[in-house]
Amino acid sequence: MRAVIVVLGLALTSPAMGTLNAQELKAKEFELLESTWMEFGGSLDFIMGLMGANDGQTQRLMVSGGLSTVRTDDMKDGRPDKSNIVEFSSGMISVIDHDDESYFTYNIADVFAGGPFALGGQTQPAQYEEPEQQDAGAEYDVRITFASPGGSKPLLDYLAEQLWMTITATPTRAPEGMSLDSMATFIMLTESWVAEDFPGNTAMAEISEEAAAHLSKSVGLDRDAMGQAFSQNPQFANAFEQNQEELEKLRNMPLEQRSVFVSLPPGAEFNPDSALYGSMGELKIDIAGAVVSGAKNAITGGIGRRLGRFGRRREPEPEPEPPPAPPTQTLMFRVHKLVNNFVFGSLASGWNTVPNTYELKESPFQPRQQNR
């Protein structure tokens with residue numbers, strides 16, 4: 001499914017191609033290593049840590065603009081563990097399991113067959129009919145904004161510029177049993193650091209054109225239709241039209257990126273710097289502290305029982321309750337990606353093919369029958 005998201009993202013952000021200089025032509029093929037870290041708010045971070053979900057991960061990305069092909073490897077102990085090879089000109093995707101020495105293939109058109117974003121199984125007859133007006137659940141006004149805060153820093157010997165994209169979902173209707181003034185606003189902020197002269201931009205731009213062309217031809221899904229399918233909200237289209245300059249910069253390949261999801265209770269103010277770089281809050285349960293505290297209480301309690309009431313201290317008067325703290329933003333999760341190494345030039349032979357000794361398995365993405 002990750003490969004499908006990559007295809008959609010590239011097609012949506014497809015820029016116009018310009019004149020290519022000699023260095024850019026050479027940089028149509030490149031390889032990079034990227035590290036990813038995830039943080040979760042509250043005790044969820046401790047739970048996710050037990051499952052290894054917040055461990056740092058390393059991915060290798062190999063790109064050929066001329067072949068319109070991208071390979072993504074999940075790296076483990078310095079070697080590929082899982083791989084995805086996407087051929088954007090044809091829409092073919094190969095998903096490889098190196099430990100199992102197996103793979104399966106499918107076409108992006110298979111995923112869309114039978115309706116928007118359909119995934120496997122059989123289509124229900126009324127699944128894509130016009131839904132009736134429902135009178136339950138929350139409703140939100142969704143807006144997207146772009147900004148250039150003005151920051152810059154060197155990354156991989158390139159001067160990267162700071163760009164923000166903010167998606168804000170403001171409640172406009174409360175579900176049954178809730179009041180509108182008690183509902184939180186949700187914010188997704190993505191900070192990208194991009195360099196105009198980074199040679200990898202050219203290859204990604206060429207591939208995104210191929211992705212958009214293939215989706216338009218194979219499944220009739222152009223960028224306008226995709227935008228409607230994603231948002232169903234005219235605010236998105238207006239935001240893209242009004243922020244063309246910032247959007248063009250965002251289409252470059254980020255050398256570093258942070259995304260954070262924030263819940264903003266009524267009366268709280270959004271602090272973007274704190275959301276991106278501040279503490280996630282109490283991330284872990286203090287097990288050691290709880291053990292020490294429990295032992296201390298057990299010892300003092302045992303002494304008190306032995307001495308009886310004469311050995312007990314007089315309990316102090318309870319302290320008055322402090323006034324309620326003002327509402328503040330809650331960080332749900334944060335993702336940080338950083339390009340560690342970048343090499344452009346010819347890729348190793350066979351990088352875009354599946355080893356011929358691997359077993360071909362059935363794809364879980366089966367084409368759906370078209371509705372009649």
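Numbering of residues begins at 1 and proceeds along the displayed sequence.
Here the CD1-CD1 distance, from I167 to I187, works out to 11.0 Å after rounding to the nearest 0.5 Å. Rounded to the nearest 0.5 angstrom, E39 CD and S279 OG are separated by 8.5 Å. To the nearest 0.5 Å, atom CG of residue L347 and atom CE of residue M62 are 7.0 Å apart. Separation of atoms OG1 (T328) and CD (E269) is listed at 11.5 Å; rounding is to 0.5 Å. Distance check: N341 CG to E31 CD gives 8.0 Å after rounding to the nearest 0.5 Å. A distance of 6.0 Å separates CD in Q59 from OG1 in T72, rounded to the nearest 0.5 Å.
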Apply side-chain contact (heavy atoms from CB on, under 4.5 Å) to D197 and Y158, showing your working.
CA-CA 7 Å; D197 58 343; Y158 298 94; 3.6 Å; yes
Applying side-chain contact (heavy atoms from CB on, under 4.5 Å) to D74 and Q57, what does each step give before you reach the verdict?
CA-CA 8 Å; D74 293 336; Q57 298 180 349; 5.8 Å; no
Evaluation steps, side-chain contact (heavy atoms from CB on, under 4.5 Å), between W37 and L338
CA-CA 9 Å; W37 302 269; L338 177 66; 4.0 Å; yes
Evaluate the side-chain contact (heavy atoms from CB on, under 4.5 Å) criterion for residues Y103 and L360: first the C-alpha distance (whole Å), next the side-chain angles of each, then the deciding distance (0.1 Å), finally the verdict.
CA-CA 5 Å; Y103 72 103; L360 176 62; 3.4 Å; yes
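Side-chain contact between V95 and Y106: present, with at least one pair of heavy atoms (C-beta onward) separated by less than 4.5 Å. Using a 4.5 Å heavy-atom threshold, the side chains of T185 and F270 count as separate. Considering only heavy atoms from C-beta on, P199 stays 4.5 Å or farther from F30 through its side chain. The closest side-chain heavy-atom distance from M165 to M188 is not below 4.5 Å.
Sparse packing is recorded around CG of D157, with 12 or fewer heavy atoms of other residues, nucleotides or ligands lying under 6.0 Å away. Around atom NZ of K76, no more than 12 heavy atoms belonging to other residues, nucleotides or ligands sit under 6.0 Å away.
Salt bridge status for R71 with D73: present, with a side-chain N to carboxylate O gap under 4.0 Å. Under 4.0 Å is where a charged nitrogen must lie from a carboxylate oxygen, and between K82 and D100 no such pair does.
The nearest pair of heavy atoms linking L156 to N340 is CD2-O, 3.6 Å. Nearest heavy-atom pair, T58 versus S35, reported as atom, atom and distance to 0.1 Å: OG1-OG, 3.9 Å. Minimum interatomic distance between P254 and V339 (heavy atoms only, all atoms of both residues): O-CG2, 3.8 Å. Among all heavy-atom pairs drawn from P175 and A138, the shortest one is CD-CB, 3.8 Å. Nearest heavy atom pair, residue L331 against residue S274, reads CD1-O, 4.3 Å. The two residues N107 and S90 come nearest to each other via the heavy atoms ND2-O, 3.0 Å.
Under the 4.5 Å side-chain heavy-atom criterion for grouping Ile, Leu, Val, Met, Phe, Trp and Tyr, Y277 is connected to L189 within one hydrophobic cluster. By the criterion of side-chain heavy atoms lying less than 4.5 angstrom apart, applied directly or through intervening Ile, Leu, Val, Met, Phe, Trp or Tyr residues, F342 is grouped together with V70 in one hydrophobic cluster. A continuous path of ILVMFWY side-chain contacts below 4.5 Å connects F88 to L61, so both sit in one hydrophobic cluster. Cluster membership for V63 and V354, using ILVMFWY side-chain heavy atoms within less than 4.5 angstrom, is not shared. Put simply, F261 and Y140 are part of the same group of oily side chains (I, L, V, M, F, W, Y) that touch within less than 4.5 Å, one to the next.
Between F333 and F40, the angle of the ring planes lies from 30° to 60°, which puts this pair in the tilted group. By the 30° and 60° cut-offs, the orientation of the rings of H98 relative to Y358 is perpendicular.
Side-chain contact of S192 with Q257: a donor-acceptor pair under 3.5 Å is present, judged by distance alone. Between the side chains of T172 and D141, not a single donor N or O lies within less than 3.5 Å of an accepting N or O. At a cut-off of 3.5 Å, with distance as the only test, no side-chain donor of W193 or Q162 sits close to an acceptor on the other residue.
At distances below 3.5 Å, not a single donor-acceptor pair connects side-chain atoms of R334 with backbone N or O atoms of R258. Side chain of T168 to backbone of R143: no donor-acceptor contact under 3.5 angstrom is found. A donor-acceptor pair is defined here as one N or O able to donate and one able to accept, closer than 3.5 Å; such a pair exists between the side chain of Q329 and the backbone of N271.
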